[in-house]
Amino acid sequence: MAEGFPRPSEIETPAGAEGWQELYSYSGVFSPERSEYEDSMFWFQDGVHWPKALLPWDAGLMELAILGLSQYNTRHLLVPPANGIDYRIVNGYVYLSPVPAPEADIPMRAEHFMQRAGHYFMNWNELYDNWLIKIRDLVKEMESLDFEPLPDIEDLEVVTSGRGTGSGGEIQANYLKLLNAASTLWQYHFEFLNLGYAAYLDFFGFCKTVFPGISDLAIAKMVAGVEVDLFRPDEELKRLAKMAVDTGIADAFKKGDVEGTCEALRATGSAGEAWISSFQQAAEPWFNFSTGSGFSSQDKIWIENVEIPFDFIGDYIKNLQSGSDIARPTEAITAERDRIVNEYSALLGSDEDREAFAGKLGLARVVFPYVENHNFYVEHWSHSVIWRKMKSLGAVFAKAGFFNEPEDIFMLKRHEVPDALFDLYHSWAAPAPARGPSYWPKIIARRKEILASLNAWKASPALGTPPEVVTEPFTIMLWGITSDSIANWLGGGESEDGTLKGMMASGGVAEGPARVIFGPDQINEVQEGEILVAPLTAPSWAPIFGKILATVTDTGGMMSHAAIVCREYGLPAVTGTGFATSLIKTGQRIRVDGSNGTVTILD
């Protein structure tokens, strides 16, 4: 077993990726000036949110997320044990290092935190309702931003209205408005999220104290069975499938493609037209759903690639016609939740402990839906709008010859876009030749070459010297970084008996053939009765959960979206194995024991 991970300063650039640092902000990469500090820290690779090498513009959005998290921990709420998160990009991959609060400051921070968090906990429903209004208003604001080619002549109304501004200034301003909206979005995101985690962690810590030996999974099950908006997209798919079966138009989905299916639906008359109308109503907002984590501009969005929801609906129709129950097993999950709560509550010896248990559990259940709901509203819906608006702006540049295709805009850093806009604006206003058409294509082509080399590089799961014991609660719960997982990484992942260890994400045991996939584009390869093995899963993969027996991931902790979604769908899961996709091959029989956090390769 290795004694530690490489220091940041020891990481070499992959062949073909020389100059990769130019793709990212100067402050976000490891640097000689900070090497003493950087080499002294422990950094883990965040494969939960950013499993691949980041595109330059996507990296800017990542940085806004890190800012939002850090400022709420450190400056707004004063979370007692934890400041923010430091980050670095190395060879395109995101590495994080939690910044602990000074031990001497914890009593002072605890006092502030109780006052500030207490206000939110006491007024949660009202404040959360207001949050939903804020986030929807922000989406409307972003949707209102237009990016159109600059006109040959301004409309007469621009002059006669006395506006005093024109299209060139407007396109510059709209880009900055989009950036500001993205910054606001990530501040909204963390207004509630860490409070949700804090309430759960308070309940978790209480349970560990009064019930020695209780498993992490048993505690997690006590807050399961919640109705959250994150599951609404999948519920809409099921509703539409049932509507097709109930109205006798299901045969239209045998066409196998969207255009043919829609033609067949319209041919059925009013029933088919009603179905199409219902689909369109559901699509906005619920199909603003990324096939990935929501953090990549390259992932497909359901509403823009309707073949994805159509295929899922077709699968649900087949299940319904075969007599299968496609509903989420909510009643069974709720019954198991209540059984566990009653079992442990009966073990408490005093009214004081029972009251504390009920109060902490009640608060965790009140705030827990936000832990999942925010994922739809921020990472999926809002990010879908941001990606679309950026592609619209990219189309303006492509028409002007700056780019070969609209998506090339994501090859620019966020602060390079205003420079390119100035060049475009000036060439239009003068008019005069812009430099962009001869300047950007070469840079973008080289950056694509670099990214190809970076994506072929195998990122180390961590850098630096790990702590003897991992105690930072968010790191454990969300990312699954524990002392055991670190030892697992250093040991190569597999024990002598062929068993991989991970987090007890969702209980149950399943045995079957593995299906190893590395991204959403491979979802259609998953067959009935297989066990899904992937670097991570996304909420938008839920429609295939009816096919599979269990899930195994390389990354993620007990409170990762993969873990929560699997519990809510009653699917055995082990997350945070570190090496599952490297050690397991498609077709191998494996046994997944979600109750003990083990995966055994049987052949």
Side-chain angles (χ1 to χ4, degrees), residues 11-30 45-47 49-64 87-95 147 175 178-179 182 290-301 304-305 383-384 386-421 423-424 434-459 517-522 535:
I11 297 295
E12 296 182 356
T13 295
E18 293 78 12
W20 66 264
Q21 295 88 343
E22 293 302 315
L23 277 64
Y24 308 108
S25 62
Y26 79 92
S27 61
V29 299
F30 289 109
Q45 194 246 323
D46 186 355
H49 300 102
W50 300 284
K52 295 182 179 180
L54 281 173
L55 274 63
W57 202 90
D58 296 12
L61 196 60
M62 174 275 294
E63 290 170 332
L64 295 179
Y87 80 97
R88 293 292 186 274
I89 298 173
V90 59
N91 288 340
Y93 293 83
V94 179
Y95 285 81
F147 296 102
Y175 174 71
L178 186 64
L179 271 189
S290 169
T291 57
S293 65
F295 281 97
S296 172
S297 60
Q298 306 306 293
D299 288 334
K300 292 179 178 178
I301 310 296
E304 299 168 21
N305 300 270
H383 277 194
S384 294
I386 291 171
W387 303 135
R388 281 199 291 275
K389 291 301 174 180
M390 286 301 296
K391 289 173 188 175
S392 294
L393 180 55
V396 173
F397 280 116
K399 185 176 181 180
F402 281 52
F403 305 155
N404 291 326
E405 54 188 5
E407 289 77 9
D408 284 347
I409 195 165
F410 299 112
M411 292 294 163
L412 273 62
K413 292 180 273 192
R414 69 174 185 271
H415 60 267
E416 290 176 330
V417 176
D419 284 348
L421 278 171
D423 185 13
L424 179 73
R435 189 184 178 194
S438 60
Y439 180 80
W440 286 113
K442 291 181 291 186
I443 291 176
I444 290 169
R446 174 57 186 149
R447 289 180 177 180
K448 288 181 178 180
E449 291 175 353
I450 289 172
L451 283 165
S453 296
L454 296 180
N455 278 314
W457 180 69
K458 179 65 175 176
I517 68 173
F518 294 90
D521 290 343
Q522 294 181 276

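Of the possible donor and acceptor atoms, one in the side chain of Asn455 sits under 3.5 Å from a partner among the backbone N and O of Ala53. In terms of modelled atom types and a separation under 3.5 Å, the side chain of Asn305 and the main chain of Lys300 share no donor-acceptor contact. Judged by distance alone, with hydrogens and angles left aside, the side-chain atoms of Asp46 form no donor-acceptor pair with the main-chain N or O of Tyr93 at under 3.5 Å. In terms of modelled atom types and a separation under 3.5 Å, the side chain of Tyr24 and the main chain of Leu54 share a donor-acceptor contact. Put simply, the side chain of Thr291 never gets that close to the backbone of Asp299: no donor and acceptor are under 3.5 Å apart.
Among all heavy-atom pairs drawn from Phe518 and Pro535, the shortest one is CA-CD, 3.8 Å. A pairwise comparison of heavy atoms in Gly394 and Ile409 identifies N-CD1, 3.8 Å as the closest pair.
Lys389 NZ: more than 12 foreign heavy atoms inside a 6.0 Å radius. The number of heavy atoms from other shown groups lying within 6.0 Å of CD (Glu22) does not exceed 12. The environment of Lys399 atom NZ is sparse: at most 12 non-hydrogen atoms of other residues, nucleotides or ligands sit within 6.0 angstrom.
Within the 6.0 Å centre-distance limit, the rings of Trp50 and Phe295 are counted as a close aromatic pair.
For the side-chain hydrogen bond (donor to acceptor under 3.5 Å, both in side chains) with Ser25, the qualifying choice from Arg414, Lys413, Glu63 is Glu63, the only one to do so.
Under the 30°/60° scheme for interplanar angles, the aromatic rings of Phe410 and Trp57 are found to stand perpendicular.
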